Asker: 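I am attaching a structure below and will ask some questions about it afterwards.
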Amino acid sequence: MPELPEVETIANGLHKRVAGDRIESVWLGSKPEPLKSTAAEISSTLQGSRLARVRRVGKHIVFDLASEDLPATRQWIVHLGMTGRLLISTPEDELPKHTHLVARLESGRELRFVDPRRFGRLEVRQNSFTGPGAEPLQISADDFAQLFHRSKAPIKGALLNQKLLHGVGNIYADEALIRAGIRPRRRAHSLTRTELNKLHAALRKVLHAAIKAGGSSISDYVDANGDEGFFQIQHRAYGRGGKPCLTCKTPIKKIVVAGRGTHYCPRCQK
DNA sequence: ATACCGACCTGTCAGC
DNA sequence: TGCTGACAGGTCGGTA
C-alpha cells in the first residue's frame, strides 16, 4: 500500500501522537508470517520500552526505543507491505480482523498493527537501521545517475529496486517518469545524463508534493490520525489508463513492466 | 551477476 | 444473488 510519502505521513503522525509513551505489554497474534524476528524477541524488546522517536527510512517505519537500563540503540522496524496499518486505539475499540500485534501503552491507549494481506513485516534490531538503498530525497543528482547508468533493467523496474533507491513504489515511479518525459520500458543505462537529471528532479518534486498532500489514498489508505491523503487528484499517469493525458490529450496507456501495472503517455514520454 | 516470474495473502470489483 | 477471475500501493526466492 504505502510508498515513501504515505509512510512519511504515517511516521510523522505517529511521532506526534505516541513519542514519549511507553509500551507496558504486548500481545502478538498466532500468525507467524508478519514476523522477521521471533515473537519472543519482539515481545521482550518492546515490553517496557519508551517510544523515543518515530521516523521513516525507505518504506519502513522505525521506532527508536529507549529504556532505563539500556541506551537508545534498539529499534522496532515496521514494514506495512500492501495493506498494513498502525492504529492508535483505546482498549474499548473493537479489535479489527487481521490484528497481529497490540502494544498497550502507559497512556492507556493501544498501538495496533493490522494487516489483512500479511505482506507487512515486524522486526526488532539492536543496531542502527539504514534501509536497503539510498534515500530519494537526499541523494545528489550525481549519485542518482551513478545508481542507474549501469543497469540493464527497464528504468521503471530500476526505480522500484529498493536496493538502489528505497521508498519509491509503483505510483511514484509512474508519476516521476511521466513528469520527466521518459518511457518506463527504457533500459536504465540508455538514459542520457540530461534525462537522469530530469528524472532525479521530477522524483524529488513529486515526492515532496505528495508528502505535502498527505500521500495518495487509492482505496483505504489513511494516516495515523485516520485522515486520507489527497495526492491522488494530482496523479497524471497512475490509475489513468485510457484517460486523456493532462498535457496532450493522448490516451494514457496501461502495460506491464517488471510485473507491475504501468501507466504512461505514449506521446509525452520518449 | 542480472532479470524475469510466480508465490505469498485477503479483499474487492467487474462480468457473467 | 452468487460464482469466477483479475487485480491491488510490496518483496522474496527460484530459475533462466
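Bear in mind the structure is a predicted one, so any value in this text is a computation, not a measurement.
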Asker: Return no unless some side-chain N or O of A/Lys163 is found under 4.0 Å from OP1 or OP2 of C/dT11.
Answerer: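 For C/dT11, neither OP1 nor OP2 has a side-chain N or O of A/Lys163 closer than 4.0 Å.
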
Asker: In a check of side chain to side chain contact (heavy atoms under 4.5 Å, CB included) between A/Val102 and each of A/Leu28, A/Leu95, A/Leu111, A/Val26, which one passes?
Answerer: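 Testing each of A/Leu28, A/Leu95, A/Leu111, A/Val26 against A/Val102, the sole residue satisfying side chain to side chain contact (heavy atoms under 4.5 Å, CB included) is A/Leu95.
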
Asker: Working note: A/Arg193 + A/Asp142, criterion salt bridge (Lys or Arg N to Asp or Glu O under 4.0 Å); need CA distance, chi angles, decisive distance, verdict.
Answerer: CA-CA 9 Å; A/Arg193 180 56 198 256; A/Asp142 283 348; 2.6 Å; yes

Asker: Looking at A/Gln234 and A/Arg179, what are the two nearest heavy atoms and their distance?
Answerer: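 Shortest heavy-atom contact: O-NH2, 3.0 Å.
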
Asker: Measure the distance from CD on A/Glu123 to P on C/dT11 and round it to the nearest whole Å.
Answerer: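 Between P of C/dT11 and CD of A/Glu123: 14 Å.
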
Asker: Would you kindly give the CG-to-C1' distance between A/Asp115 and C/dG10, to the nearest whole Å?
Answerer: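 Taking atom C1' of C/dG10 as the reference, CG of A/Asp115 is at 11 Å.
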
Asker: Send over the distance from A/Gln162 CD to C/dG10 C1', rounded to a whole Å.
Answerer: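 Distance check: A/Gln162 CD to C/dG10 C1' gives 8 Å.
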
Asker: Could you check A/Ile155, A/Thr262, A/Val257 and say which one makes a side chain to side chain contact (heavy atoms under 4.5 Å, CB included) with A/Arg185?
Answerer: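 Exactly one option meets the side chain to side chain contact (heavy atoms under 4.5 Å, CB included) with A/Arg185, and it is A/Val257.
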
Asker: In this structure, how many angstroms lie between the P atom of B/dC9 and the NE2 atom of A/His100, rounded?
Answerer: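 For the pair A/His100 NE2 and B/dC9 P, the rounded distance is 11 Å.
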
Asker: Using a strict 4.0 Å threshold on nitrogen-to-oxygen distance, state whether A/Arg85 and A/Asp115 make a salt bridge.
Answerer: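 No, this pair does not count.
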
Asker: Locate the shortest heavy-atom distance separating A/His60 from A/Pro132; write the atom from each residue and the value.
Answerer: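 The pair with the smallest heavy-atom distance is NE2-CD, 4.3 Å.
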
Asker: To the nearest Å, give me how far apart CZ (A/Arg260) and P (B/dA7) are.
Answerer: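 Distance, rounded to whole Å: 17 Å.
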
Asker: Nearest whole Å is fine: how far is B/dC8 C1' from A/Arg117 CZ?
Answerer: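 About 9 Å, once rounded to whole Å.
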
Asker: Dot-bracket for DNA chain B, 5' to 3', with Watson-Crick and G-U pairs under 3.5 Å, [ ] for crossing pairs and | for other-strand pairs: what is it?
Answerer: .|||||||.|||||||

Asker: When you compare B/dT12 with C/dT11, how far apart are their P atoms, in angstrom units rounded to a whole number?
Answerer: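 The answer is 23 Å between these two P atoms.
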
Asker: Which part of the nucleic acid does A/Lys31 contact within heavy-atom distance under 4.0 Å: base, sugar-phosphate only, or nothing?
Answerer: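 Answer is nothing: A/Lys31 stays at 4.0 Å or more from every strand.
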
Asker: Taking the ring centre of each residue, are A/His189 and A/Phe148 less than 6.0 Å apart?
Answerer: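 Ring centroids of A/His189 and A/Phe148 are no less than 6.0 Å from each other.
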
Asker: Which residue pairs pass the side-chain hydrogen bond (donor to acceptor under 3.5 Å, both in side chains) test with at least one member in residues 50-59 of chain A, sequence neighbours excluded?
Answerer: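 Qualifying pairs, neighbours excluded: A/Glu8-A/Arg56, A/Arg55-A/Asp64, A/Arg56-A/Glu135.
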
Asker: For C/dA6 and B/dG6, measure between their C1' atoms and round to the nearest Å.
Answerer: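 To the nearest whole Å, 16 Å.
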
Asker: So, taking the atom named CG in A/Leu177 and the one named CG in A/Leu203, what distance separates them when rounded to the nearest 0.5 Å?
Answerer: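 Between atom CG of A/Leu177 and atom CG of A/Leu203 there are 9.0 Å.
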
Asker: Indicate, with a heavy-atom threshold strictly under 4.0 Å, whether A/Lys254 touches base, sugar-phosphate, or nothing.
Answerer: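 Sugar-phosphate: the residue A/Lys254, judged by heavy atoms under 4.0 Å, touches backbone atoms but no base.
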
Asker: Would you say a side-chain N or O of A/Lys59 is under 4.0 Å from OP1 or OP2 of C/dG10?
Answerer: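 For C/dG10, OP1/OP2 do have a side-chain N/O of A/Lys59 under 4.0 Å.
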
Asker: Could you check whether A/Glu123 pairs with A/Arg121 (Lys NZ or Arg NE/NH1/NH2 to Asp/Glu carboxylate O, under 4.0 Å)?
Answerer: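 The answer is no: the pair does not qualify as a salt bridge.
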
Asker: May I ask you to say what A/Tyr238 touches in the nucleic acid, namely base, sugar-phosphate or nothing, with a heavy-atom cut-off under 4.0 Å?
Answerer: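 Result for A/Tyr238 = sugar-phosphate.
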
Asker: Output the rounded distance in Å from CG (A/Leu4) to C1' (C/dT11).
Answerer: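 Distance, rounded to whole Å: 17 Å.
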
Asker: Starting at NE2 of A/His98 and ending at P of B/dT12, how long is that distance when rounded to a whole Å?
Answerer: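 So the two atoms are 9 Å apart, to the nearest Å.
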
Asker: Can A/Phe119 be said to stack with the base of C/dT11, given centres closer than 5.5 angstrom and planes under 30 degrees apart?
Answerer: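 So A/Phe119 does not count as stacking on the base.
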
Asker: With a 4.0 Å limit, can you tell me whether A/His79 has a side-chain N or O closer than that to the phosphate oxygens OP1/OP2 of C/dG10?
Answerer: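 Result: no.
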
Asker: State whether the distance check finds a donor on one side and an acceptor on the other, under 3.5 Å, for side chain A/Arg118 versus base B/dC9.
Answerer: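 Checked by distance alone, the answer is no.
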
Asker: Where do N or O atoms of nucleotides 1-5 of chain B meet protein N or O atoms at under 3.5 Å, pair by pair?
Answerer:
{"from": "B/dA3", "atom 1": "OP1", "to": "A/Lys152", "atom 2": "N", "distance (Å)": "2.9"}
{"from": "B/dA3", "atom 1": "OP1", "to": "A/Ala153", "atom 2": "N", "distance (Å)": "2.7"}
{"from": "B/dC4", "atom 1": "OP1", "to": "A/Arg187", "atom 2": "NH1", "distance (Å)": "3.2"}

